[in-house]
Amino acid sequence: MSRPSSDLVDPILAWYDEHARDLPWRGNGATPWSVMVSEFMLQQTPVVRVLPVHATWLERWPTPAALAAESSGEAVRAWGRLGYPRRALRLHAAAVAITEQHGGEVPDSYDELIALPGVGDYTAAAIASFAHGRRQVVLDTNVRRVLARAVSGVEFPARSVNRAERDLAADLLPGDAPTAATWSVAVMELGALVCTAARPQCPACPVSDQCRWQAAGAPPYDGPPRPVQAWAGTDRQCRGRILAVLRDAPGSVDRARLDAAWDEPVQRERALASLLTDGLLVLDDDGRYRLP
DNA sequence: AAGGCGTGGAA
DNA sequence: TTTCCAAGCCT
C-alpha cells in the first residue's frame, strides 16, 4: 500500500532542523509544566506576545503546585493582556487538579490530559507529544492548513476537523514516538513561518514542488465564508475594559470605578454579570469587586 | 454545532 | 481606517 503523501515528512523534518525557532518551551531545559503553560498561552495568541509572560509565569510558579497554592485571581492578574483570561482560570484549575490528583506531575497520557480544565484535543495531544514524547496526532490550525494545501490542494481547511483529515494526519505520523513528536512540531513551525494563512512564502517551502495547492495554481478559498469577529462595542470589549480595571488595582474596587470603564449601562451590567458567572470577578459582602 | 470569548500587530 | 489574524476551548 503506497502512501503518496509520505514524501512530505523527510523534507519538512530537514527544514525544521535548520529553521526551528529557539523557543523556551522547546528543548532540553523545558519541563512538562513549561510546555503546558506555553500551550495554554498559545491558544489563539501569537508567540511574540506569549514569550515575556511565559518567562515571568515560570519564574514565579515553577511547578503546578506553586500555582495551585495561590488564588486564581493572581493567575488572572499575571495573565496580563494575553487575552481570553478564562484560560488563566482554567490553567489554575488544571494546576490544582494536577496537584491533588496526579502527585504534582503533569500527566503524560492523552486521556488524563484532556480531562483537565482548558485542555481540549489539540492541547492534550501537544502536551503528550511535546512534553512527554508520546506518539500522538497533533492537529492544530497550522498543521491543518499545511495538509489542506500540500495534500488536499485547497487554501484553507474546513472550520472543524473531519474524519478524512484526521485519518490523513494519522497516516502521515511517523511510527516511532520521538520522530512523531518532532514531525508534529515541524509541520506546525512550517505553517507558522512559511505556509502562513496570508501571503505564504512558497519559494521558501521545502515541499512546494509536491504541493497540490501550488500545482493547481494556488486557487483562492471558495468554501463557506469564515466568520469574522466584531470587536468595537461588543460584550468582549466591555468585559476586557472591566477586567483591566481589576487587574491594575491592588485590591478591591468600588462599583463607581467599574461603571467608569464603560458608558452603556445595560451592556455594562450584562458584562459584569457574565464575569461573575465565569468566576473572573467576585462581589464581596461590602459591595466591592475584586479578582477571585 | 455555531457562536462567544481578548488583545494588539500587520498590511 | 478597517480588516484579518494568532499553537482553541466550551457550551
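When reading the values below, keep in mind they use all heavy atoms of this one structure, side chains included, and skip hydrogens, waters and symmetry mates. Chain naming here is simple, since letters A, B, ... match the order of the sequence lines and numbering starts at 1 in each.
- Comparing the same atom, P, in dA11(B) and in dA7(C) gives a spacing of 16 Å after rounding to whole Å.
- Residues Val119(A) and Thr45(A) both approach DNA chain C. Their nearest nucleotides, taken by heavy-atom distance, put Thr45(A) toward the 5′ side.
- Among the heavy atoms of the strands, none lies under 4.0 Å from Leu275(A).
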Expected rows: protein N/O vs nucleotides 8-11 of chain B N/O, under 3.5 Å:
| from | atom 1 | to | atom 2 | distance (Å) |
| --- | --- | --- | --- | --- |
| dG8(B) | OP1 | Arg81(A) | NE | 2.3 |
| dG8(B) | OP2 | Arg81(A) | NH2 | 3.2 |

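- One can place CZ of Arg236(A) at 14 Å from C1' of dG8(C), the figure rounded to the nearest angstrom.
- The hydrophobic cluster around Leu258(A) extends to Val76(A), Leu89(A), Ile242(A), Leu243(A), Val245(A), Leu246(A), Val253(A), Leu272(A), Leu275(A), Leu276(A), Leu280(A), Leu281(A), Leu283(A), Tyr289(A), Leu291(A), counting ILVMFWY residues whose side-chain heavy atoms fall within less than 4.5 Å of a member.
- Contact annotation: Gln43(A) side-chain N/O to dA7(C) OP1/OP2 distance is not under 4.0 Å.
- Rounded to the nearest Å, the gap between the C1' atom of dG8(B) and that of dC10(C) is 24 Å.
- You'll find that the side chain of Asp235(A) is closest to dC5(B), out of dC5(B), dG3(B), dA7(C).
- If you find the closest nucleotide of DNA chain C to Phe156(A) and to Leu116(A), the one lying nearer the 5' end belongs to Phe156(A).
- Listed by first and then second residue, the ring pair (Phe, Tyr, Trp, His ring centres under 6.0 Å) pairs that reach into residues 58-84 of chain A are Trp57(A)-Trp61(A), Trp57(A)-Trp79(A), sequence neighbours excluded.
- Atoms CZ (Arg270(A)) and C1' (dC5(B)) sit 14 Å apart, rounded to a whole Å.
- For residues 134-158 of chain A, the ring pair (Phe, Tyr, Trp, His ring centres under 6.0 Å) pairs, not counting sequence neighbours, are Phe156(A)-Tyr221(A).
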Residue pair Val138(A), Val185(A): steps toward the side chain to side chain contact (heavy atoms under 4.5 Å, CB included) verdict: CA-CA 8 Å; Val138(A) 180; Val185(A) 74; over 6 Å; no
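- Listed by residue number, Arg90(A) are the residues of residues 84-101 of chain A with a heavy-atom contact under 4.0 Å to DNA chain C.
- With hydrogens and angles left out, the side-chain atoms of Arg87(A) and Gln44(A) include no donor and acceptor closer than 3.5 Å.
- Crowding of Glu264(A) atom CD: a count of heavy atoms from other residues, nucleotides or ligands under 6.0 Å exceeding 12.
- Nearest to the side-chain atoms of Arg239(A) among the listed nucleotides dC5(B), dA7(C), dA2(B) stands dC5(B).
- Spacing between atom CG of Asn162(A) and atom P of dA1(B) amounts to 13 Å, rounded to whole angstrom units.
- Among the protein residues, Trp25(A) comes within range of the nucleic acid bases, having at least one heavy atom under 4.0 Å from a base atom.
- Applying the side chain to side chain donor-acceptor pair (under 3.5 Å) test to pairs two or more places apart or on separate chains, those with a residue in residues 177-187 of chain A are Asp176(A)-Thr179(A).
- Rounded to a whole Å, the CG atom of Leu42(A) is 18 Å from the P atom of dG6(B).
- Side-chain N/O atoms of Thr123(A) include one lying less than 4.0 angstrom from OP1 or OP2 on dC9(C).
- Using a 4.0 Å heavy-atom distance criterion, Asp278(A) is classed as making no nucleic acid contact.
- Residue pairs meeting the side chain to side chain donor-acceptor pair (under 3.5 Å) criterion with at least one member in residues 271-280 of chain A, sequence neighbours excluded, are Arg239(A)-Ser274(A), Arg239(A)-Asp278(A).
- In this structure, Trp79(A) atom CH2 and dC9(C) atom P are separated by 12 Å, rounded to whole Å.
- Atom CG in Asp140(A) sits about 14 Å away from atom C1' in dC5(C), given to the nearest Å.
- Evaluation of the salt bridge (Lys or Arg N to Asp or Glu O under 4.0 Å) rule for Arg21(A) yields Glu189(A) as partners, not counting sequence neighbours.
- Only the C1' atoms considered, dC5(B) is 16 Å distant from dC5(C), to the nearest whole Å.
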Heteroatom pairs (N/O) under 3.5 angstrom, protein to nucleotides 2-4 of chain C:
none

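- Base contact: Leu82(A) has a heavy atom under 4.0 Å from a base atom.
- Contact annotation: Arg247(A) side-chain N/O to dT7(B) OP1/OP2 distance is under 4.0 Å.
- Taking each heavy atom of Arg60(A) and Ala78(A) in turn, the nearest pair found is NH1-CB, 4.2 Å.
- At whole-Å resolution of the value, CD in Gln237(A) and P in dG4(B) are 15 Å apart.
- Checked against salt bridge (Lys or Arg N to Asp or Glu O under 4.0 Å), Asp140(A) has no partners two or more places apart in sequence or in another chain.
- In this structure, the side chain to side chain donor-acceptor pair (under 3.5 Å) partners of Ser252(A), at least two apart in sequence or on a different chain, are Arg288(A).
- Looking at heavy-atom distances under 4.0 Å, Ala197(A) makes contact with sugar-phosphate atoms alone, never a base.
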Please table the atom pairs, donor to acceptor, closer than 3.5 Å between any side-chain atom in residues 143-154 of chain A and protein atoms at least two apart or in another chain.
| from | atom 1 | to | atom 2 | distance (Å) |
| --- | --- | --- | --- | --- |
| Arg144(A) | NE | Glu165(A) | OE2 | 2.5 |
| Arg144(A) | NH1 | Ala158(A) | O | 3.3 |
| Arg144(A) | NH2 | Ala158(A) | O | 2.7 |
| Arg144(A) | NH2 | Ser160(A) | O | 3.3 |
| Arg144(A) | NH2 | Glu165(A) | OE1 | 3.1 |
| Arg144(A) | NH2 | Glu165(A) | OE2 | 3.3 |
| Arg145(A) | NE | Cys195(A) | O | 2.7 |
| Arg145(A) | NH2 | Asn142(A) | OD1 | 2.8 |
| Arg145(A) | NH2 | Gly191(A) | O | 2.8 |
| Arg145(A) | NH2 | Cys195(A) | O | 3.3 |
| Arg149(A) | NE | Glu155(A) | O | 2.9 |
| Arg149(A) | NH1 | Cys195(A) | O | 3.4 |
| Arg149(A) | NH1 | Thr196(A) | O | 2.7 |
| Arg149(A) | NH2 | Thr196(A) | O | 3.2 |
| Arg149(A) | NH2 | Ala197(A) | O | 3.3 |

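- In this structure, the CD1 atom of Ile242(A) is 11 Å from the P atom of dG6(B), given to the nearest Å.
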